[in-house]
Structures are given as C-alpha cells and as structure tokens.
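To start, the structure itself, in structure tokens.
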Protein chains: 2
Amino acid sequence: MLNKATVERLIIYNRVIKELKAQGEKWVTSTDIARALSKTPSQVRRDISSLGRKGKRGVGYNIKKLINDLDSVLGLNDEHCVALIGAGNLGRALIGYPGFKREGFICRLIIDNDPEKIGSKISGIKVESSEGLAKKVARKKIAIAVITVPAEAAQKVVDSAVAGGIKELLNFAPVKIYVPEGVNIRYVDLALEMENLAYSLNYRKKNK
Amino acid sequence: MLNKATVERLIIYNRVIKELKAQGEKWVTSTDIARALSKTPSQVRRDISSLGRKGKRGVGYNIKKLINDLDSVLGLNDEHCVALIGAGNLGRALIGYPGFKREGFICRLIIDNDPEKIGSKISGIKVESSEGLAKKVARKKIAIAVITVPAEAAQKVVDSAVAGGIKELLNFAPVKIYVPEGVNIRYVDLALEMENLAYSLNYRKKNK
DNA sequence: AGCATATTGTGAAATATTTCACAAGCCAAA
DNA sequence: TTTGGCTTGTGAAATATTTCACAATATGCT
C-alpha cells in the first residue's frame with residue numbers, strides 16, 4: 001500500500017502525463033513532471049520508482065507505459081459503481097461534474113429523504129429514500145459512497161452503507177465519522193478549507 | 001506560521017470544543033479531544049502548546065479561553081469578504097452551504113461569463129462578467145476568491161484576482177495554477193478524491 | 001497537611017518523508 | 001567506437017512530524 005501523499009502525487013502525475021501524451025509526446029523526464037507541478041525531480045523519481053516501473057537513463061520514461069502502470073496501480077482501468085447519498089446542491093454538482101464519468105465513476109444509486117425528491121430523477125437515476133440502504137447498496141454492488149447529507153445524518157447513513165458492504169467513502173459532512181477497521185473514509189471539508197484561508201489571511205495581517 | 005497540518009487539526013479541535021461548550025462543559029482534556037478525533041493526546045497537547053495557551057496540569061484546558069485563542073489565531077473573529085468566481089452548480093452549492101456564512105465568510109461578488117447568468121441574482125448578489133475582474137475585487141476589498149470555473153479558464157481568472165490584490169484562493173478547477181510568491185492557493189480536487197478511493201479499492205482487490 | 005490521582009508541557013526518541021548526490025546506463029554525434 | 005551530455009535509481013543525509021515518557025503540578029479526599 002503506497003502512502004497517501006504518494007498516491008495523491010501519482011494521480012496528478014498521471015493527469016499531466018496524459019496531457020503530454022495528447023500533445024503527441026512519447027517520453028517524459030522526471031524534471032518535466034516536476035516543473036509542471038512545482039515538485040522536485042527527485043521526488044517524482046522516488047514516487048515513480050515505487051510503482052516498479054523503470055525509466056531509461058539518459059532518456060526518461062516512456063509515456064505510454066507509464067500511463068499504463070499508473071492506471072493499473074491507481075485502479076482507473078475499471079469502472080466503479082458509486083452511490084450518492086444526499087441529493088442536495090453539492091451532491092448534484094458532483095454527479096454533474098464532467099471528470100466524474102470520464103474517470104470511470106458511474107452513479108448507480110441516489111438516496112435522499114426529502115419527500116419532494118423521492119421518485120424524481122437526477123441525471124436519469126431515480127432518487128430513493130434511505131430506507132433499507134444497506135440492502136440497496138449491496139444489491140447494486142456499489143463500491144463507493146459519496147456522503148453529502150447534513151452533518152447530523154452522516155454517521156447513520158455511513159453505518160448503513162458500511163453494513164451493505166461499502167468499504168470506500170467520500171464524506172462531505174463536516175463531522176468526524178467512525179468506521180470499522182478496514183473501511184476507508186476520506187473527508188472533503190469545505191468549511192475547513194475556508195478556515196485555513198482565514199488563518200493565513202489573519203497571520204498575514206498580524207505579521208505585516 | 002504554524003504548519004499546515006497543525007492548522008487543520010486546530011480547526012477541527014475548535015469545532016469539537018465548541019460543541020462541548022454548547023453542551024455546557026467548562027474544561028476539556030487533551031485525551032477528550034483526542035478521543036473525539038482519533039488522534040493521540042500527545043499530538044493534541046503539542047498542537048495546543050503551539051498556540052501559547054497553557055492548560056492546567058491535572059485538570060485540562062479552560063474551554064472558553066481555548067476557544068478564544070483558537071478563534072483569534074485562526075482568524076475567525078473577523079468577517080471575510082469572498083468572491084465566487086464561477087457560478088455553476090458547485091459554486092452555488094458552496095454559497096448556499098450553511099457553514100459558509102456561519103463561519104464569517106460573506107460573499108460579496110459573483111462572477112460568471114455565461115450571458116444567461118450575467119445580471120441575474122444568486123443569494124441576493126448580482127452575477128457579473130469577468131470583465132475588469134481585478135478592479136472589481138479591489139473595489140470590493142475581497143480577501144478570498146473561490147474558483148469554480150472550468151479548468152481552461154482557471155489560470156486566467158486567478159491572474160486577474162491576484163492582480164486585484166487577492167492573496168488567498170480556494171481552487172476547485174483540477175489544474176495546477178501558478179501564483180506569485182506570497183499568494184496562497186489551496187486545492188480541492190474532487191476527481192483526485194475519487195481516484196484516491198479507486199486506488200484503495202483496487203489495492204484491496206489485488207491483495208485480497 | 002499528606003496522599004492518591006489526574007493531566008499538562010516538553011526534551012528526547014522514534015518514524016516518516018523529502019532531498020542530495022552520484023554511480024550507472026543510454027544516446028547521439030564525430 | 002569513443003566521447004560528452006543527459007537522466008535514472010537509490011543509498012545516505014537531512015528534515016519534518018509524531019509519539020514516548022516522565023517531571024511538574026493541580027485537585028480532592030481523608
């Protein structure tokens with residue numbers, strides 16, 4: 001298991017390299033990648049070497065092979081079934097996000113408890129209530145759940161999703177969620193991002 | 001300047017402690033905070049000691065004083081003027097997000113180049129085109145820009161925002177953005193989050 | 001007052017992550 | 001085929017971050 005920071009960088013390298021490929025490039029060096037991302041070439045080489053892929057000394061990395069390795073390690077060759085739990089503004093924005101489908105994520109289940117929404121369709125998928133959520137995710141073989149419900153409701157829907165067999169979650173609710181050992185939950189916390197900026201702004205003001 | 005990871009943890013501690021305060025608690029220990037967040041008490045103490053605040057041995061931290069310090073260091077006592085650049089689904093979801101206003105972020109400028117949107121109102125604020133963006137942000141004394149335009153347009157609007165004096169940005173466009181020294185840009189990359197999950201899923205599958 | 005129990009603050013140790021630096025290998029040109 | 005200029009891969013060094021461990025000290029009970 002590669003460490004978290006390495007995986008994040010590999011994902012970004014992959015993007016940059018795919019862009020180079022689209023421009024017709026065949027080879028790329030660690031320095032090229034580093035420059036495009038403001039990293040050190042040394043770090044890029046370490047990260048890539050953790051894939052097992054070998055470059056060619058004096059030349060760099062073969063783009064096609066490198067992308068192959070990256071896609072294979074990063075799990076981007078297969079499609080992944082996703083459940084959207086919470087169909088508010090944010091949830092709808094996510095589903096509509098072009099990168100979502102392009103990268104192989106297919107939304108197969110949308111859950112919301114607003115009676116006005118239940119039964120309606122979003123992006124062609126019928127909105128269902130959270131009743132029997134565990135069974136629903138199990139039946140549809142959902143691999144990833146995206147949680148965009150209000151903070152108070154988050155732990156409960158996560159528990160159901162996990163009971164249904166989901167092991168990968170992306171949580172937008174700004175609360176700490178407890179999951180059993182072996183379940184992976186990532187947090188995207190917009191208030192936290194804003195507050196980070198506030199800190200930096202404040203620091204700047206005080207130390208001017 | 002505290003390090004990034006420490007600031008992120010302090011923000012979360014602050015939330016947890018405010019919740020305890022709302023429940024009527026007056027004191028909190030590093031162990032309490034650690035337990036609520038699955039961190040070690042030792043880390044919590046180090047983080048808090050980096051604020052300068054001293055707790056009481058044998059007792060813990062005075063919640064009121066600790067929140068004071070946190071709010072002051074984190075810059076949460078003042079309000080911050082925010083510009084939303086890109087008024088798509090995601091941008092609108094952000095502005096409507098309850099945590100946004102509650103934490104002191106006030107949206108004062110909304111920019112979008114869709115002719116259908118220009119002139120219309122979102123949350124009571126008129127949508128304007130990106131024409132003369134630098135001047136607009138300067139005139140309204142915007143401190144923070146939230147970038148939710150498509151990837152291709154991102155660098156350009158960031159350049160204008162920076163020219164207008166903005167030093168803190170939150171970027172949702174999935175591209176590397178270059179900013180001058182001294183300007184702080186944070187990334188929220190939803191595709192990256194999803195791809196991280198894909199990696200973990202894939203790793204699980206291969207190593208079952 | 002004395003004792004038992006709790007919790008902080010922080011050097012020092014342990015870990016984790018990044019960068020340096022250079023031998024080894026590849027390529028092109030002469 | 002030799003030479004010179006690149007670039008990789010990776011030990012080892014340097015940094016950064018986290019955890020340990022324990023003296024110092026506050027509280028409450030007897």
Length of the CG-C1' vector between Asp69(A) and dT8(D), whole Å: 16 Å
Separation of dG25(C) P from Trp27(A) CH2 (nearest whole Å): 17 Å
Over 12 foreign heavy atoms within 6.0 Å of CD, Glu131(A): no
Residues, nucleotides or ligands: over 12 heavy atoms within 6.0 Å of Lys206(B) NZ: yes
Whether [X] contacts [N] is assessed here as follows: a side-chain N or O lying under 4.0 Å from the phosphate OP1 or OP2. Is that the case?
X	N	value
Ser30(B)	dT8(C)	yes
Thr40(A)	dT19(C)	yes
Tyr61(A)	dC26(C)	no
Asn3(A)	dA16(C)	no
Lys54(B)	dT10(C)	yes
Ser42(A)	dT18(C)	no

Report all interatomic pairs (protein N or O, nucleotide N or O of nucleotides 27-30 of chain C) with separations under 3.5 Å.
{"from": "dC27(C)", "atom 1": "OP1", "to": "Lys56(A)", "atom 2": "NZ", "distance (Å)": "3.3"}

Pair Asp32(B)-Thr29(B), side-chain donor/acceptor within less than 3.5 Å: yes
Check: Asp159(B)/Gln155(B) side-chain N/O donor and acceptor closer than 3.5 Å: yes
Lys/Arg N to Asp/Glu carboxylate O, Asp47(B) vs Lys39(B), below 4.0 Å: no
Salt bridge Asp71(A)-Lys18(A), side-chain N to carboxylate O under 4.0 Å: yes
Donor-acceptor pair present, Arg46(A) side chain and dT17(C) base, under 3.5 Å: no
Polar pair under 3.5 Å, donor/acceptor by atom type, side chain Arg45(B), base dG11(C): no
